[in-house]
Amino acid sequence: MEKYYLGFDAGTQSVKAAVYDSNMQCVTEHSTPTVLRYPHPGWVEMDADQYVEAAVTSIAACTKEMREKGLSPENIRAIFGDGVILGIVGVDEDGNAITPYINYLDSRTQADAEELAALGLDIWAKETGNPLPNCMFPALFARWFLRNNVEFQKRGKKFLHNAPYILSHLAGCKAKDAFIDWGTMSGWGLGYKVEKKEWSDEQLEILGLSKEYLPRIVKPWDIIGHLTEEYAEKTGLPVGILIFAGAGDTMQSMIGCGVTAVNRAADVAGTCAMFCIAVDGIKPELSRPGTDLIFNSGTLENTYFYWGFIRTGGLALRWFRDNICGKEGEGAYFDVLTERAKQVPAGANGVLFLPYLTGGFGDISAASGCFLNMTMDTDQAVLWRAVLEAIAYDYIGVTDVYRAAGVDLNRIVVTEGGSRSDLWNQIKADMLNCRVTTLKTAQGAVMTNAATAAYAIGDIPDLQEAFEANLIENKSFVPDPKRTAFYRKVYERKTKLVREEMRTAFAALEEMRHVKEE
């Protein structure tokens with residue numbers, strides 16, 4: 001009897017589910033898009049129940065296809081999901097959402113982050129590895145809900161991330177059963193002791209957050225329940241399948257591309273572009289104000305990593321395709337744009353794109369997305385290259401911080417959707433002066449989830465060893481010294497422009513966004 005494992009990835013733009021066999025070969029997969037709402041400038045909201053619906057739709061499509069192929073969904077042994085580490089929803093006693101789900105794309109807590117940072121506390125860095133509060137942190141979203149959401153003030157019981165919310169519904173869990181794995185816990189940014197994997201009473205008191213609202217911390221492979229009759233009927237799966245606690249999306253991507261050993265680096269080129277480096281614990285030289293890095297615990301025990309980010313990395317690509325090119329949902333149009341952009345020289349004819357579509361942060365909190373320096377010969381191909389280069393430019397700042405701290409960066413593994421663009425991979429290699437590689441076996445977080453499910457149920461004895469044995473390089477992109485020097489020159493000029501010369505313009509533009517016609 002063949003054994004199967006079901007994994008899902010609850011991302012920002014979709015919920016993808018897939019079933020893998022015991023050889024970790026995908027037998028079926030399906031993706032269902034999600035919807036983002038923008039109720040106010042800088043605000044980004046989602047519906048947590050739509051996440052559940054999308055997961056059910058994707059899983060049901062997988063089970064249907066299995067039967068069409070003559071495969072038995074009854075042989076699926078476990079369900080394991082991952083989700084966004086920087087996002088929460090408030091739930092009532094029954095475990096149902098009573099607030100919007102908000103995540104890292106949302107900037108509503110920027111002022112709160114600045115006020116907390118002004119306290120000058122060093123406990124954040126010592127206990128979490130994150131030296132400063134950040135408007136992307138769920139700890140700040142929780143503070144906002146407690147202060148501003150009437151429904152949560154009346155009936156709120158717990159805060160949950162999106163994957164635990166889905167898994168809880170599949171298993172019929174209530175608020176009293178709320179859980180969070182130790183990797184996703186570190187996505188809270190503040191409020192916990194990362195190396196002890198427990199909530200911090202001292203930090204929570206400073207934040208004004210009661211522990212009663214926080215889920216219990218568990219291991220990713222802990223059993224949290226079994227598939228209920230209701231969701232067995234909706235998904236086409238058998239009742240009683242084991243459901244595990246799950247993990248964070250970035251943590252699973254790290255395992256999937258082999259970034260578990262110290263100094264290995266990865267570019268998770270998804271909705272939020274993230275550049276990660278594996279370490280063995282908190283590094284004071286990286287956990288200091290000004291680095292703009294986030295520190296997290298990995299899925300595997302005693303694994304940790306820092307990452308720098310571009311919040312609207314992959315989202316900017318979708319925005320350009322959908323809103324500028326009018327090709328909403330047409331995935332193949334990315335390839336059309338990229339082929340045309342190959343004919344555009346490095347530097348995009350001087351055109352710059354600033355990817356701050358959901359607002360800026362830190363000393364450029366008023367920043368907004370915009371194209372600069374266009375002329376009459378600027379077309380879609382030029383703008384597309386400018387978008388790709390803009391995201392890569394932001395990576396330069398991250399690599400500079402790593403190298404200044406003594407991290408030896410010679411090779412970066414690129415994973416997720418962005419890894420499929422040879423042009424973008426070459427741009428990154430040139431900008432970062434580092435060999436960029438893709439992997440034949442890297443399939444993002446979903447395959448890692450299936451493997452973790454197999455590990456959780458005892459069918460794989462060593463998860464790290466299983467992935468290490470199957471990492472096969474696909475393509476390699478070597479930096480061109482001339483283009484590296486060129487991009488460095490543009491980067492330095494661009495940084496001065498954005499960080500200094502445009503600050504007054506950003507403030508004026510922000511003011512204009514709030515002007516209403518009388």
Side-chain angles (χ1 to χ4, degrees), residues 10 43 45-49 51-52 83-104 106 108-109 111-113 115-116 119 121 123-124 127-128 130 133-169 171-194 196-219 222 224-225 245-248 296-297:
W43 289 28
E45 297 182 349
M46 301 178 74
D47 183 344
D49 289 321
Y51 264 122
V52 177
V84 179
I85 61 173
L86 297 171
I88 55 170
V89 62
V91 303
D92 62 13
E93 186 174 3
D94 292 326
N96 293 320
I98 54 175
T99 74
Y101 169 82
I102 56 178
N103 65 20
Y104 61 93
D106 192 284
R108 73 184 69 188
T109 64
D112 191 26
E115 290 176 10
L116 284 171
L119 297 176
L121 303 177
I123 189 173
W124 316 122
E127 292 191 349
T128 73
N130 299 312
N134 189 299
C135 68
M136 301 190 303
F137 288 166
L140 273 66
F141 298 154
R143 282 163 58 90
W144 191 92
F145 281 134
L146 286 166
R147 293 172 175 175
N148 299 282
N149 189 277
V150 176
E151 283 303 305
F152 193 85
Q153 291 168 353
K154 291 179 180 177
R155 301 188 289 123
K157 294 298 181 181
K158 294 288 183 179
F159 293 114
L160 288 178
H161 282 63
N162 64 342
Y165 187 79
I166 295 169
L167 293 163
S168 292
H169 276 69
C173 297
K174 305 296 185 181
K176 64 181 177 60
D177 307 309
F179 61 89
I180 186 172
D181 76 280
W182 59 36
T184 304
M185 170 211 69
S186 70
W188 268 73
L190 306 174
Y192 56 87
K193 299 177 183 179
V194 68
K196 292 187 176 181
K197 296 177 172 54
E198 62 185 29
W199 298 113
S200 166
D201 291 334
E202 185 177 353
Q203 287 187 59
L204 293 177
E205 183 176 355
I206 296 168
L207 293 167
L209 295 177
S210 171
K211 197 181 292 186
E212 68 177 299
Y213 294 121
L214 306 180
R216 61 193 171 95
I217 300 167
V218 299
K219 299 174 183 178
D222 281 349
I224 58 90
N296 285 126
S297 170

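Scope of the values below: all heavy atoms of this structure, side chains included, with no hydrogens, waters or symmetry mates.
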Student: Where is the tightest heavy-atom contact between Ile206 and Ile123, given as atom of each residue plus distance?
Tutor: CD1-CG2, 4.2 Å
Student: Using the ring centroid of each side chain, check whether Phe152 and Tyr213 are separated by less than 6.0 Å.
Tutor: yes
Student: If you measure from NZ on Lys174 to CG on Asp94, what distance do you get to the nearest 0.5 Å?
Tutor: 4.5 Å
Student: Among pairs that include at least one residue of residues 137-150, which meet salt bridge (Lys or Arg N to Asp or Glu O under 4.0 Å), considering only residues two or more places apart or in two chains?
Tutor: Asp112-Arg143, Asp112-Arg147
Student: Checking the side chain of Asp92 only, and the main-chain atoms of Arg155 only, is there a donor and an acceptor separated by less than 3.5 Å?
Tutor: no
Student: For a side chain to side chain contact (heavy atoms under 4.5 Å, CB included) with Pro100, tell me which candidate from Val89, Asp47, Asn149 qualifies.
Tutor: Asn149
Student: On a heavy-atom basis, which atom in Ala163 and which in Gly83 lie closest, and how many Å separate them?
Tutor: CB-N, 3.5 Å
Student: Mind checking ring-ring contact (aromatic ring centres under 6.0 Å, His included) for Tyr101 and listing every partner two or more places apart, or none if nothing turns up?
Tutor: Tyr51
Student: Under 3.5 Å, is there a donor-acceptor pair between the side chain of Asp181 and the main chain of Ala245?
Tutor: no
Student: Do you know the tightest heavy-atom contact between Ala10 and Asn162?
Tutor: O-ND2, 2.9 Å
Student: Can you confirm whether Lys219 is buried at NZ, in the sense that more than 12 heavy atoms of other residues, nucleotides or ligands lie under 6.0 Å from that atom?
Tutor: no
Student: Report the residues that fulfil side-chain hydrogen bond (donor to acceptor under 3.5 Å, both in side chains) with Asp201, sequence neighbours left out, ordered by chain and then residue number.
Tutor: Lys211
Student: With the side chain counted from C-beta on, respond yes when Asn96 and Val91 share a heavy-atom pair under 4.5 Å apart, and no when they do not.
Tutor: no
Student: Look at the side chain of Trp182 and the backbone N and O of Lys196, then say whether any donor-acceptor pair between them is shorter than 3.5 Å.
Tutor: no
Student: Calculate, to the nearest 0.5 Å, the distance between atoms CD1 and NE2 belonging to Ile180 and His161 respectively.
Tutor: 4.5 Å
Student: Determine whether Thr128 and Gln203 make a side-chain contact, defined as any pair of heavy atoms from C-beta on separated by less than 4.5 Å.
Tutor: yes
Student: Output all residues satisfying ring-ring contact (aromatic ring centres under 6.0 Å, His included) with Tyr165, sequence neighbours left out; order by chain, then residue number.
Tutor: His169
Student: Are the side chains of Phe159 and Leu146 in touch, meaning some heavy atoms are under 4.5 Å apart?
Tutor: yes
Student: Report yes if the side chains of Trp188 and Leu209 come closer than 4.5 Å at any heavy-atom pair, otherwise no.
Tutor: yes
Student: Write down the atom of Cys135, the atom of Leu140, and the distance for their closest heavy-atom approach.
Tutor: CA-CD2, 4.3 Å
Student: Between atom CD1 of Ile224 and atom CG of Asp177, what is the distance when rounded to the nearest 0.5 Å?
Tutor: 8.5 Å
Student: About how many Å separate CD of Gln153 and OG1 of Thr99, when rounded to the nearest 0.5 Å?
Tutor: 12.0 Å
Student: Please enumerate all residues that pass salt bridge (Lys or Arg N to Asp or Glu O under 4.0 Å) together with Glu202, with sequence neighbours excluded.
Tutor: none
Student: Would you call Phe179 and Leu167 a side-chain contact if the rule is heavy atoms closer than 4.5 Å?
Tutor: yes
Student: Is there a side-chain contact between Thr109 and Phe137 (heavy atoms, below 4.5 Å)?
Tutor: no
Student: Quick check against the 3.5 Å criterion: does Lys158 have a side-chain atom that pairs as donor or acceptor with the backbone of Glu212?
Tutor: yes
Student: If the condition is salt bridge (Lys or Arg N to Asp or Glu O under 4.0 Å), which residues does Lys193 pass it with, not counting sequence neighbours?
Tutor: Glu198
Student: For Leu116 and Pro133, work out which heavy atoms get closest and say how close.
Tutor: CB-CG, 3.5 Å
Student: Do Pro138 and Leu86 have side chains that approach each other closer than 4.5 Å (heavy atoms only, starting at C-beta)?
Tutor: yes
Student: Hey, is CD on Glu205 packed in by over 12 heavy atoms from elsewhere, all under 6.0 Å?
Tutor: no
Student: Please report the closest heavy-atom contact between Leu207 and Ala139, naming both atoms and the distance.
Tutor: CD1-CB, 4.3 Å
Student: Could you tell me if the side chain of Ile102 sits less than 4.5 Å from the side chain of Phe145, heavy atoms only?
Tutor: yes
Student: Quick check for you: to the nearest 0.5 Å, what is the distance between Leu190 atom CG and Tyr192 atom OH?
Tutor: 7.0 Å
